[in-house]
Amino acid sequence: MSAKTLIASSLDVLRRVVSEECAAPAWRAKQLVDSLYGKRRARAIEDMELLPREMRRAMEDAGWSTGRLDVVKGSLGRDGAGKISVRVGERELVEAVGIPDASCYARDGSGEVLGRADVETMFRGVDGWDKNRLTACVSSQVGCAMKCSFCATGLQGFKRNLSASEIVSQVLELEELYGKRVSDVVFMGMGEPMLNMKAVVGAIRCLNEDIGIGGRHITVSTVGIPNSLAKLAKEKLQATLAISLHAPDQETRLRIVPSAKHYPYEDLLDDVKMYFRETGRRVTFEYTLLAGVNDSPSQAQALSRILKRKFGAGAHLNVIPWNSIEGVDHVKPSRNAVHRFCGALGGISHTIRRTRGDDVSAACGMLTGDFERRSLGRRSMNAEL
Ligand SMILES: C[S@@+](CC[C@H](N)C(=O)[O-])C[C@H]1O[C@@H](n2cnc3c(N)ncnc32)[C@H](O)[C@@H]1O
Ligand code: SF4
């Protein structure tokens with residue numbers, strides 16, 4: 001990774017690069033933006049045909065790169081959901097997922113292929129686009145330190161934060177592979193976005209202002225980090241906030257979300273309420289449903305009571321039946337259990353998340369970038385915690 005990446009740099013920074021490092025007129029900064037995110041996107045500075053050759057050379061000499069990422073491998077689910085592994089450092093890989101329209105399907109079954117060209121050939125074999133929507137699920141960290149008991153990323157441990165450029169580039173790579181513009185971005189891949197707020201906010205601004213993805217089509221999902229929501233509210237983003245709640249009370253939450261120890265349930269909900277008041281944005285709660293842990297009708301009733309007490313009609317619940325992960329001691333709830341739980345929610349607005357890409361381990365909580373983890377070794381990843 002180069003620290004001097006043009007992707008996700010603000011227009012002010014790009015203007016400075018153009019005028020101070022390239023001795024070119026400031027209006028060239030607009031062409032630089034077009035070269036990064038416009039129709040003819042350049043993967044490397046040398047390919048930026050809109051810019052004079054001397055200017056490209058000056059940027060390279062000053063140590064700049066675009067920041068585009070290398071796609072190492074990919075796999076495609078039957079429903080067209082595709083997972084890619086991108087290299088973000090010498091020995092680090094993270095995963096990102098493309099989730100097309102629900103009407104899509106993969107012409108050629110799944111399977112894993114190596115190398116960008118083969119991944120692109122495979123991803124272009126997605127048919128059945130209806131509304132032309134493509135959601136990018138991006139990672140914000142290499143691994144995650146939060147250790148939620150049901151999540152493959154949490155099992156992996158934490159390595160480092162991603163930069164804004166590394167986050168945005170995941171979206172650019174998915175757009176290029178599918179040959180489609182991304183319509184929605186969800187920060188639901190690897191990592192806890194609120195532990196990397198500066199880069200996440202920088203990435204959101206770039207996705208919104210430079211790439212043109214509507215703020216309301218960007219969702220940040222967080223397990224809840226003390227004091228982070230007040231800071232996020234100050235950023236005045238249009239993005240939607242999703243809180244991974246998973247329980248109707250502190251005791252149940254503590255069983256599955258170790259970090260809840262530092263953030264009592266009521267305090268979390270009070271902070272969410274403050275965020276709701278400050279931003280006027282509807283808050284979504286996520287609830288990963290685990291058989292025998294948090295899926296009983298009485299737990300749904302308790303959840304309904306507390307959400308109504310705190311938010312009235314203003315909360316929405318996303319119920320996510322657990323996606324099984326090898327070696328993890330949880331049980332997926334039956335269809336009946338999911339419907340019984342939702343039936344007991346007593347009028348709380350909710351949706352049951354349809355699992356996408358689970359046949360290629362691309363669904364929620366299944367991302368790891370494990371390829372490199374094996375060579376790094378779990379001990380070395382955890383050593384940096
Ligand atoms: C992987 S997390 C990343 C964002 C953030 N760290 C968080 O927890 O909200 C995104 C969502 O996936 C959910 N999730 C994690 N593992 C899951 C699994 N195995 N099955 C279903 N949902 C899962 C999380 O609870 C969270 O709501
Ligand atoms: S669910 Fe989110 S916070 Fe928990 S371990 Fe997974 S990525 Fe981290």
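Each ligand, and each atom within it, is numbered from 1 in the order the structure gives.
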Would you list the atom pairs, donor with acceptor, under 3.5 Å between side chains in residues 232-246 and any protein atom, with sequence neighbours excluded?
{"from": "E235", "atom 1": "OE1", "to": "R205", "atom 2": "NH2", "distance (Å)": "2.8"}
{"from": "Q238", "atom 1": "OE1", "to": "R216", "atom 2": "NE", "distance (Å)": "3.4"}
{"from": "Q238", "atom 1": "OE1", "to": "R216", "atom 2": "NH2", "distance (Å)": "3.0"}
{"from": "T240", "atom 1": "OG1", "to": "R281", "atom 2": "NH2", "distance (Å)": "3.1"}
{"from": "S244", "atom 1": "OG", "to": "E286", "atom 2": "OE1", "distance (Å)": "3.4"}
{"from": "H246", "atom 1": "ND1", "to": "T288", "atom 2": "N", "distance (Å)": "3.0"}

If you count the atoms of ligand 1 from 1 in the order shown, which ones are under 4.0 Å from a heavy atom of [X]?
| X | result |
| --- | --- |
| F187 | 4 (C) |
| C151 | 15 (C), 16 (N) |
| T222 | 7 (C), 9 (O) |
| I325 | 19 (N) |
| I320 | 21 (C), 22 (N) |
| G189 | 1 (C), 3 (C) |
| G191 | 3 (C), 4 (C), 5 (C), 6 (N) |

Which ligand 2 atoms, with their elements, are less than 4.0 angstrom from a heavy-atom of [X]?
| X | result |
| --- | --- |
| M146 | 3 (S), 8 (Fe) |
| G191 | 7 (S) |
| G154 | 5 (S) |
| C144 | 3 (S), 5 (S), 7 (S), 8 (Fe) |

Report the part of [X] in contact with ligand 1, treating N, CA, C, O as backbone and CB onward as side chain, heavy atoms under 4.0 Å; options are side chain, backbone, both, neither.
| X | answer |
| --- | --- |
| M146 | neither |
| M188 | both |
| N323 | both |

Item to check | Min side-chain heavy-atom separation E46-E60 under 4.5 Å | outcome: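 A side-chain contact exists here, since the closest heavy-atom pair is under 4.5 Å.
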Item to check | S10: side-chain hydrogen bond (donor to acceptor under 3.5 Å, both in side chains) partners, not counting sequence neighbours | outcome: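 Partners of S10 under the side-chain hydrogen bond (donor to acceptor under 3.5 Å, both in side chains) test: none.
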Checklist entry - For the residue pair W129 and Y178, does the interplanar ring angle fall in the parallel (under 30°), tilted (30 to 60°) or perpendicular (over 60°) class? => result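 Taking Y178 first and then W129, their aromatic rings stand perpendicular (interplane angle over 60°).
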Checklist entry - Which class fits the ring pair F276 and F311: parallel under 30°, tilted 30 to 60°, perpendicular over 60°? => result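 Correct class here is perpendicular.
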Checklist entry - Is there a donor in the side chain of Q141 and an acceptor in the side chain of N196, or the other way round, less than 3.5 Å apart? => result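 No, no side-chain donor-acceptor pair sits under 3.5 Å.
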Next on the checklist: Can you see whether D118 engages T121 through a side-chain donor-acceptor pair at a distance of less than 3.5 angstrom?
Outcome noted: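 No donor-acceptor contact under 3.5 Å links the two side chains.
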Next on the checklist: Nearest 0.5 Å, please: how far is CG in D295 from NZ in K332?
Outcome noted: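 So the NZ of K332 and the CG of D295 are separated by 12.5 Å.
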Checklist entry - Counting backbone and side-chain atoms alike, does C151 have an N/O/S atom under 2.8 Å from atom 4 (Fe) of ligand 2? => result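 No N, O or S atom of C151 is closer than 2.8 Å to atom 4 (Fe) of ligand 2, so no.
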Checklist entry - Is there a donor-acceptor pair under 3.5 Å between the side chain of D101 and the backbone N or O of K131? => result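 Such a contact is found between D101 side chain and K131 backbone.
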Next on the checklist: Please identify which of these residues, R181, R124, R68, meets the salt bridge (Lys or Arg N to Asp or Glu O under 4.0 Å) condition with E176.
Outcome noted: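 That would be R68; it is the only one of R181, R124, R68 passing the salt bridge (Lys or Arg N to Asp or Glu O under 4.0 Å) with E176.
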Next on the checklist: Check for me, please, whether L268 and M274 land in the same ILVMFWY cluster - side-chain distances under 4.5 Å, paths through other members count.
Outcome noted: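 Yes, it is one cluster - the side chains of L268 and M274 are joined through contacts under 4.5 Å.
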Checklist entry - Are C148 and ligand 1 in contact, using a heavy-atom cut-off of under 4.0 Å? => result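 In this structure, C148 fails to qualify as a contact of ligand 1 - no heavy atom is under 4.0 Å.
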Checklist entry - With respect to atom 7 (C) of ligand 1, which of S244, A242, S140 exhibits the smallest heavy-atom separation? => result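 That would be S244.
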Next on the checklist: So, regarding F150 and ligand 1 (criterion: nitrogen or oxygen to nitrogen or oxygen, under 3.5 Å), is there a contact or not?
Outcome noted: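 Yes, there is a polar N/O contact under 3.5 Å.
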